Each structure stands twice: as structure tokens, then as C-alpha cells.
Amino acid sequence: MDWQKIYDAFPVNREYIWLNNCGTTPAGLHAVRDVSRFLEDYSRKGLLTQTATYPGLAKRIKTILADLINCSLEELALIHNTAEGMNFVSRGIELQPGDEIVLLENEYPSNVYPWRHWQDKGVSIIFAPMSPTPEMFLQSLIGLLTPRTRLVSLSAVHWCTGMPLPLAGIGELCRRRGIDFVVDGAQGVGMQPIDVKRMGIDFMSFSAWKWLMGPLGLGVFYISKDKMDRLKPVFMGTQSVIRDQEYLPYKTTFKPTADRFTFSTAGIIDWVYFQSTLEFLNAVGFETVRARIFELSAHLNSRLSETGFTVLSNQFSETPTGITVCEKPGTPSAQLLSLLAREGIIAAERLGRIRFSPHVYNMPEQIDRVIEVLQGA
């Protein structure tokens, strides 16, 4: 693989060393080219342009994603963000007073706020504490589940520690006990191998703008065919129903696919952008992308450890991750982040630690520069 060519395809590398890709990912030249081409043609032809069409974009985006997570196109809907998908599940599913929902300790708000309304209805929310390793987390979760547990909603990867959760083990546990398994895939899809069928995931929502390099404001919602009719749509629009291009007479029957949740006109420019980034990643190969991310992260972990940093992923070294979370004993992380920012190195602070997340367009030399700056501190 010509990594230099990929490096050159991302103009951000001329401005920063961007190591916050599990937060947001800057656009590559392929996305700039494809969006510009669409806008130029749209300015002349409007929706008569054939540069990109809603049906064509939807099919291609879903085809790539369906292959990535092992589902059918009919089980995917293009939405706006992770929280929207989580609300679709939380507001559309039926629970009873006395039931229990299990969430994750220090979870990202998108997978907490959508569930809170159930507390007013007599449903308990229990938070599973984080553990140092995926295996320990699974054992801890087993002890939390009760006959009243109806739903478990967890992130694929913890955003504050970088630890991937044992989704296959959790999915099997939920299957055996008749518990719905919901996944916030924002930090996982594109970086971790996620097979929704093998892992027994019933519902999953994730954003486009992290490991998938897509635009802000676009997300994806997966719903297993087995649960399609169990989840009542809370919104209804022109595109929710069958024969949606036939506006009159009004319809009362929802589409039989997940498209019922893409209920009205979407941002077509976002879809053009997203298709472009997915085509780029697909051309490189998602397994190759994943291996490169893990390679860069392993290099960063090793260099940080040599420099006296405590690296959390060393505790679960047998489970690769693209998110490196670390701290330097005796030195405030905020101080180090300010130093890095002054040198054009972009990272984030989570729970008082520094979080790095390289992507396929980064280079080992950029990692070495990070270490050089930290050593200078």
C-alpha cells in the first residue's frame, strides 16, 4: 500500500497532526472532488442531474455498509446521528414497570439521555461498571443481569478508555436470556470488526464522521429483520410508507424495511460525501485500514510507554484498538494537551487522560513527532 499517497490525499496533514479521528475526521481530496462535482452539475440541472441520485446513493452506501457489518440492505436506514437511532429504539420499544435497562458506566450521552424517560415509567436503569479487560467486563455484566433485565445497550468501544467490549459474548448472553441487545457503534464501526449477525446485535446506531470518515450530521441505523415489526416508528413522513412517490391517497402501511426510519428528505450532499469516503475506504480495504490503524496505535503505545506514560490499552493488549488513552503520572493531562495543540497536534482529554486516535492517513513519523514534543515537556 502506498501510504504516502494516502497521506497526501488529506490536506489536514499540511496543517496539523490530527489524532482525534474517533472524534471527527477531516475530509480527503476524494470527498472534496465528488461533492464539488455534484454541486457543479446540480447548479446546472438541479435534481435532474445524474451525477448522483437518491436511489443510487442509498443503494451504494448501504451495499458497502451491509458487507462491512454483515447484514442486508433492508436492515439499514440512513439517519442523522447515533442519538437519533438510540431514540428510535428507546421510544419505539415496549417495556413495563419493573423492567430493567443496563447501560455502560461513563457512557457517551447519546446512549444515556434517550433512555432516561423510562425512569418516569417505572423502569430501572442500571450502569455496568467498566473493567480493565473485556473478559472481566463480561463476567461483571453476567452478575448484573436479573430476570427483570429486558434490554442491554452498550458502546462497541468505550470512548474514554478505548477498550473494545466483548460484543460476541454479550450478544450470546442476551440471546440465551431473551434480552434485547442494542449497540452504539460510533466508536467501533470501521475500526473494529463488527458482525451484527454473529454478535447477536438487534439494533445498532452509529455516526458517519468518525472511523468511516463521513460528514457531520449523517448516521446509520441497523435493525434486525427479526425485530422490524416490534419497533414502532415514532415519526412518520412521506418516505416512511409504501409507494412513497405516490403522494395521494395517503398511506397507513409502513415500508417493510428499515427505510421507514428515513422518514423524509435527506441531505443529498451528505450522501454524496459519505459514498465518496466509503468508496475510498472500500478501495483500500477495510481490513487493510483496520490493520494500519492498529499498527499506528501499537507504535504510539510503545513509544508512550518508553516515555514514562501509563497506557490503558496495555491492560488489554490482546484486544487491539485504535484508541490510545494515556497519562503521565504527576503531570496534568490538560497541560500536555495545550502543549501538543501549540505544536499543531490534535488530541482530546477524557476523564483526565489524553486520548489519541490515528487513522489510515497518518504516518509513523507523525507519531514520532508527538513523542518528541512530549519528551520535550
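Only a predicted model underlies this, so the values are computations on that prediction, with no experimental measurement involved. Quick note: numbers below take in every heavy atom, side chains included, and nothing from hydrogens, waters or symmetry partners.
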Within the 4.5 Å heavy-atom criterion, are Leu76 and Ile69 side-chain neighbours or not? yes
Neighbour count above 12 (heavy atom, 6.0 Å) for Glu246 CD: yes
Pair Val241-Arg260, side-chain contact (heavy atoms from CB on, under 4.5 Å): steps then yes or no: CA-CA 6 Å; Val241 297; Arg260 63 178 67 176; over 6 Å; no
Looking at CZ of Arg369 and CD of Gln366, how far apart are the two atoms once the value is rounded to the nearest 0.5 Å? 11.5 Å
Is it the case that the side chain of Arg150 and the backbone of Pro147 share a donor-acceptor pair, with hydrogens and angles ignored and the cut-off at 3.5 Å? yes
Exam field: side chain Thr25 to backbone Asn21, donor-acceptor pair closer than 3.5 Å: yes
Are Asn111 and Ser153 linked by a side-chain donor-acceptor pair shorter than 3.5 Å? yes
Answer yes or no for Arg350 and Trp159: cation-pi contact, defined as NZ/CZ to six-membered ring centre under 6.0 Å and angle to ring axis within 45°. no
Hey, mind stepping through Asp202 and Ser224 against side chain to side chain donor-acceptor pair (under 3.5 Å) and telling me if it holds? CA-CA 5 Å; Asp202 297 307; Ser224 171; 5.1 Å; no
Examine distances only and state if a side-chain atom of Thr307 and a backbone atom of Phe309 form a donor-acceptor pair shorter than 3.5 Å. no
Phe221/Phe88 aromatic ring centres below 6.0 Å: yes
Main-chain N/O of Gly46 paired to Thr49 side chain as donor or acceptor, under 3.5 Å: no
Ionic contact status for Asp244 with Lys251, cut-off 4.0 Å: no
Distance-only donor-acceptor check, side chains Ser338 and Gln335, under 3.5 Å: no
I'd like to know if the side chain of Gln192 and the backbone of Val157 have a donor-acceptor N/O pair within less than 3.5 Å. no
Note: Phe261 and Pro233 closest approach over all heavy atoms is CE2-CA, 4.0 Å
For Ala66 and Ser72, work out which heavy atoms get closest and say how close. CB-C, 4.2 Å
Leu78 CG to Leu65 CG distance, which is reported to the nearest 0.5 Å: 7.5 Å
Between Phe127 and Val112, is there a side-chain heavy-atom distance shorter than 4.5 Å? yes
Under a plain distance cut-off of 3.5 Å, with no hydrogens placed, do Ser205 and Glu84 share a side-chain donor-acceptor pair? no
Is any side-chain heavy atom of Leu304 closer than 4.5 Å to a side-chain heavy atom of Thr324? yes
Spell out, as yes or no, whether a donor-acceptor pair under 3.5 Å connects the side chain of Thr53 to the backbone of Gln50. no
Rounded to the nearest 0.5 Å, what separates atom OG1 in Thr146 from atom CD in Glu100? 3.5 Å
Counting only heavy atoms not in Glu94 (residues, nucleotides, ligands), do more than 12 fall under 6.0 Å from its CD? no
Same apolar cluster (I L V M F W Y, side chains within < 4.5 Å links), Ile125/Leu154: no
Within this structure, what is the CZ-OG distance for the pair Arg33 and Ser276, rounded to the nearest 0.5 Å? 5.5 Å
Please determine whether the number of non-hydrogen atoms from other residues, nucleotides or ligands lying under 6.0 Å from atom NZ of Lys59 exceeds 12. no
What is the ring orientation for Tyr361 with His359, classed by angle as parallel under 30°, tilted 30 to 60°, or perpendicular over 60°? parallel
Taking all atoms of both residues into account, what is the closest heavy-atom pair of Gly185 and Ala156, and its distance? CA-CB, 4.3 Å
Would the distance check show the side chain of Lys227 and the main-chain N or O of Phe203 forming a donor-acceptor pair, the cut-off being under 3.5 Å? no
Given Val370, Leu374, Ile371, the one that forms side chain to side chain contact (heavy atoms under 4.5 Å, CB included) with Arg303: Ile371
Thr63 vs Arg60 side-chain heavy atoms within contact, under 4.5 Å: yes
Any chance you could lay out the side chain to side chain donor-acceptor pair (under 3.5 Å) test for Thr257 and Glu75, step after step, and finish with the verdict? CA-CA 6 Å; Thr257 68; Glu75 294 174 304; over 6 Å; no
Is there a ring-ring contact (aromatic ring centres under 6.0 Å, His included) between Phe10 and His30? Walk through the geometry before answering. CA-CA 9 Å; Phe10 285 81; His30 48 279; 5.6 Å; yes
Ser124 and Gln119: side-chain donor and acceptor closer than 3.5 Å? no
For atom NZ of Lys121, decide whether the heavy atoms of other residues, nucleotides or ligands shown that lie under 6.0 angstrom number more than 12. yes
Do Ile6 and Tyr16 share a hydrophobic cluster (ILVMFWY, side-chain heavy atoms under 4.5 Å, transitive)? yes
Measure the shortest side-chain to side-chain distance between Asn362 and Asn13 over non-hydrogen atoms and say whether it is less than 4.5 angstrom. yes
Side chain Thr51, main chain Phe38, donor-acceptor under 3.5 Å: no
Candidate pair Trp211 and Cys22, rule side-chain contact (heavy atoms from CB on, under 4.5 Å), full reasoning: CA-CA 6 Å; Trp211 299 109; Cys22 70; 3.6 Å; yes
Looking at Ser110 and Thr82, would you say the former's side chain and the latter's main chain have a donor-acceptor pair under 3.5 Å? no
Around atom CZ of Phe294, are there more than 12 heavy atoms from other residues, nucleotides or ligands closer than 6.0 Å? yes
Side chain of Asn70, backbone of Asp67: donor and acceptor closer than 3.5 Å? no
Nearest 0.5 Å please: distance from the CZ atom of Phe356 over to the CD1 atom of Ile345. 7.5 Å
Is there a side-chain contact between Thr262 and Tyr54 in this structure, where contact means two heavy atoms from C-beta onward sitting under 4.5 Å apart? no
Please find the pair of heavy atoms, one from Ala347 and one from Ile354, that lie closest to each other, and give the distance. CB-CG2, 4.2 Å
Should Lys45 and Asp41 count as an ion pair when the cut-off is N to O under 4.0 Å? yes
Go through it in stages, so that I can follow the logic: the residues are Phe181 and Arg175, the test is side-chain contact (heavy atoms from CB on, under 4.5 Å), and I'd like the CA-CA distance, side-chain angles, deciding distance and then a yes or no. CA-CA 8 Å; Phe181 185 27; Arg175 262 197 307 264; over 6 Å; no
Pair Ser90, His117: side-chain N/O donor-acceptor within cut-off below 3.5 Å: yes
Quick one: are His80 and Ser207 in side-chain contact, heavy atoms under 4.5 Å? no
Over 12 foreign heavy atoms within 6.0 Å of CZ, Phe254: yes
Is the closest side-chain heavy-atom distance between Ser333 and Leu336 below 4.5 Å? no
Go through Phe280 and Asp34 one step at a time and tell me if the side-chain contact (heavy atoms from CB on, under 4.5 Å) criterion holds. CA-CA 11 Å; Phe280 166 79; Asp34 291 345; over 6 Å; no
Does the pair Asn314 and Ser305 meet the rule for a side chain to side chain donor-acceptor pair (under 3.5 Å), with working shown? CA-CA 9 Å; Asn314 288 341; Ser305 298; 3.1 Å; yes
Looking at CD of Gln96 and CG of Asp99, how far apart are the two atoms once the value is rounded to the nearest 0.5 Å? 6.5 Å
Would one find more than 12 heavy atoms of other residues, nucleotides or ligands at under 6.0 Å from atom CD of Glu306? yes
